[in-house]
Amino acid sequence: MRGPTERVQAVERSSIRVMFDLAERHDGDLVRLEVGEPDFDTPEHVVDAATEAARAGQTHYTANAGLPECRRAIADTMREQYGVDHDPDEVCVTVGGMEALHLAVLATVGPGEELLVPGPTWPNYETQATLADGEFVEVPMPAEDGYDLDADRVIDAMGTDTAAVVLTTPSNPTGRVFDPEECREVVAAAADHDAYVIADEVYLGLSYDGDPTGIAALTDHPDHVLTVGSCSKTYAMTGWRLGWLAGDSHLVDEVVKTHESTTACASSVAQHAAIAALTGPQEPVEAMYDAFESRRDLVVDRIDAIDGLTAPRPEGAFYAFLDPGVEDDLALAKFLLREHGVVLAPGSGFGDTGQGRLRLSFANSEERLHEGFDRLEAGLRAYRNR
């Protein structure tokens, strides 16, 4: 029998890690467009709040579910910004959105049961299904529709072993915001199968073409939705490791019991930082949002100007999923890094549906994005003319 480490290694999609390692070892000038992390610093008032909390002795364990004021701030934010209505006691504060997802999968997926995920998809879901002794099932979304959610495809893949479906909107890696009606249909079908929808909404605050609404607010079955959120992306707080899981109270109560045995509680100092981020001045957040939206527009224009390069229009997050018209995306990514100094994530790292694509992150300055696109355009021309 394989141990947990061997099982995780067996499902690890290594092409993304290969590119990161190559970039780390490279000693020349690189334009790194593979990293999914805001290039901004955490807003100053958030850092100040954390510093004050630490100096005031707020450095001890908190309740497993989190500080009451932090849970209240999260519940208020979910209701006011995304229309998702939860009491504070239906919120568990976690060590980043990553732990929230892990806990959600552990709470819903049993040994041999299925975790369905529309593809292309973030690779960590597969690892989390494996850690739960579950079965990961990628449900390909049609490239010709820009990888938008096709509810019929997901519903057709559901069966008696389906325990949960992950819906990530805005999407990593495509930047698509899923159609509300399609999300509603998936939740209704999940409820019919006595399954759950795990709504990964860590990028929801970075929705550019419409008002963001949480999946749990779109359905008549909110008790079958577990919502994952985080301060990491919207508030440029990746290193603080502060996220949350919200859902029906009986399920969240079970999640808290598991959380007690994984990390006990999120950092007390990070929770005070989150309170300041969620309830304090929003001008820094709005400035970051405006910058990302401007970069999105730049990326769309540059893609349109390059012959043979297409991508679905990113409607959220900070990713574009490029179709350069090749089969071997890893070979192309390595060529672009070594010969032209621009780094992108191979699409095959995001599942079978991502084969032949490249993920570009526009969490970088406009100056570096222009330089990156200049290198990408030259690199694609050289690769095709070899």
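Treat the numbers as computed from the prediction; the structure is a model and nothing was measured.
For the residue pair Ser361 and Glu34, no side-chain donor N or O sits within less than 3.5 Å of a side-chain acceptor on the partner. The closest side-chain donor-acceptor pair between Gln58 and Ser268, if any, does not fall under 3.5 angstrom. Side-chain contact, Glu201 with Thr227: no donor N or O sits under 3.5 Å from an acceptor N or O. Of the N and O atoms on the side chains of Glu99 and His259, at least one donor lies less than 3.5 Å from an acceptor on the other residue. When only modelled atom types and interatomic distance are considered, Arg295 and Asn364 share no side-chain donor-acceptor pair under 3.5 Å. For the residue pair His26 and Arg338, no side-chain donor N or O sits within less than 3.5 Å of a side-chain acceptor on the partner.
Residues Phe321 and Arg176 fail the side-chain proximity criterion, which asks for heavy atoms closer than 4.5 Å. At least one side-chain heavy atom of Leu380 sits under 4.5 Å from a side-chain heavy atom of Leu309. Under the 4.5 Å side-chain criterion, counting only non-hydrogen atoms from C-beta, Met237 is not in contact with Ser230. Side-chain atoms of Leu206 and Tyr289, non-hydrogen and from C-beta on, do get closer than 4.5 Å to each other. Between His221 and Val225 there is no side-chain heavy-atom pair separated by less than 4.5 Å. Two residues are said to be in side-chain contact when any heavy atoms from C-beta on lie closer than 4.5 Å; Thr174 and Pro314 fail this criterion. Asp352 is not listed as a side-chain neighbour of Pro140, based on a closest heavy-atom distance of 4.5 Å or more. Looking at heavy atoms from C-beta onward, Val342 lies out of side-chain contact with Leu337 at the 4.5 angstrom threshold.
Here Asp87 does not pair with Arg79 in a salt bridge; the nearest charged N to carboxylate O distance is not below 4.0 Å. Ion pairing between Arg32 and Glu24 holds under the 4.0 Å rule for side-chain N and carboxylate O. A salt bridge links Asp29 to Arg375: one of the charged nitrogens lies within less than 4.0 Å of a carboxylate oxygen. A salt bridge links Arg184 with Glu181; the closest basic N to acidic carboxylate O contact falls under 4.0 Å. Classification of Asp329 and Arg357 as a salt-bridged pair fails, no side-chain N sitting under 4.0 Å from a carboxylate O. The existence of a salt bridge linking Arg55 and Glu52 is excluded, since no basic side-chain nitrogen approaches an acidic carboxylate oxygen closer than 4.0 Å.
Rounding to the nearest 0.5 angstrom, the gap separating the CD atom in Glu114 from the NE2 atom in His193 is 10.0 Å. Atoms OG1 and CG, from Thr169 and Asp200 in turn, are 9.5 Å apart once rounded to the nearest 0.5 Å. With rounding to the nearest 0.5 angstrom, the OG atom of Ser267 is 11.5 Å from the CZ atom of Arg241. Note: Tyr147 OH to Thr353 OG1 = 7.5 Å, rounded to the nearest 0.5 Å. Asp290 CG to Tyr208 OH: the interatomic distance, rounded to the nearest 0.5 Å, is 10.5 Å. From Ile275, atom CD1 reaches atom SG of Cys70 across 5.0 Å, with rounding to the nearest 0.5 Å.
A continuous path of hydrophobic side-chain contacts links Ile303 to Leu369 [ILVMFWY only; heavy atoms under 4.5 Å]. Cluster annotation: Trp244 is not connected to Val95 through the hydrophobic network of ILVMFWY side chains, with a link wherever side-chain heavy atoms come within less than 4.5 Å. Neither Phe20 nor Phe350 shares a network with the other; the hydrophobic side chains, linked directly or stepwise wherever heavy atoms of I, L, V, M, F, W or Y lie under 4.5 Å apart, form separate groups for each. In the hydrophobic clustering of ILVMFWY residues, with side-chain heavy atoms under 4.5 Å counting as a link, Val202 and Val255 come out together.
Shown here for Ala100 and Val228, the closest heavy-atom pair between the two residues is CB-CG1, 3.8 Å. Nearest heavy-atom pair across Arg71 and Val93 is CG-CG2, 3.8 Å. Counting all heavy atoms, side chain and backbone alike, Ala317 lies closest to Phe362 at O-CZ, 3.7 Å. When all heavy atoms of Val269 and Ala54 are compared, the closest pair comes out as CG2-CB, 4.1 Å. Of all heavy-atom pairs spanning Ala157 and Thr162, the tightest one is O-OG1, 4.1 Å. Nearest heavy atoms, Met19 versus Leu344: CG-O, 3.9 Å.
Looking at Thr219, its side chain never comes within 3.5 Å of a backbone N or O of Ala216 through a donor-acceptor pair. Side chain of His224 to main chain of Ala195: a donor-acceptor pair is present (N/O by atom type, distance under 3.5 Å, no hydrogens or angles). Using modelled atom types, one side-chain atom of Asp328 and one backbone atom of Ala331 make a donor-acceptor pair closer than 3.5 Å. Between the side chain of Glu44 and the backbone N or O of Thr42, no donor-acceptor pair lies under 3.5 Å. Under the 3.5 Å distance criterion, the side-chain polar atoms of Thr94 are matched with a main-chain donor or acceptor of Gly243. Under the 3.5 Å distance criterion, the side-chain polar atoms of Ser294 are left unmatched by any main-chain donor or acceptor of Ala291.
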Using the salt bridge (Lys or Arg N to Asp or Glu O under 4.0 Å) rule, take Asp209 and Arg296 through it: C-alpha gap first, then chi angles, then the decisive distance, then the call. CA-CA 11 Å; Asp209 297 335; Arg296 187 279 304 267; 3.1 Å; yes
Worked check of salt bridge (Lys or Arg N to Asp or Glu O under 4.0 Å) between Arg386 and Glu339: CA-CA 12 Å; Arg386 291 182 306 164; Glu339 303 298 328; over 6 Å; no
Are Glu254 and Lys257 close enough, and set up right, to give a salt bridge (Lys or Arg N to Asp or Glu O under 4.0 Å), and what steps lead you there? CA-CA 5 Å; Glu254 294 304 310; Lys257 295 175 185 176; 3.0 Å; yes
Stepwise side chain to side chain donor-acceptor pair (under 3.5 Å) check, Glu138 with Thr121: CA-CA 8 Å; Glu138 180 182 348; Thr121 177; over 6 Å; no
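Checked against the 6.0 Å centroid criterion, the rings of Phe40 and Phe292 qualify as a close aromatic pair.
Open room surrounds CG on Asp220; 12 or fewer heavy atoms of other groups in view lie less than 6.0 Å from it. Annotation: Asp41, atom CG; neighbour count of heavy atoms from other residues, nucleotides and ligands within 6.0 Å does not exceed 12.
Classified by interplanar angle (parallel below 30°, tilted 30° to 60°, perpendicular above 60°), the ring pair Phe318/Tyr203 is perpendicular. The aromatic rings of His340 and Phe335 sit tilted, their planes meeting at an angle between 30° and 60°.
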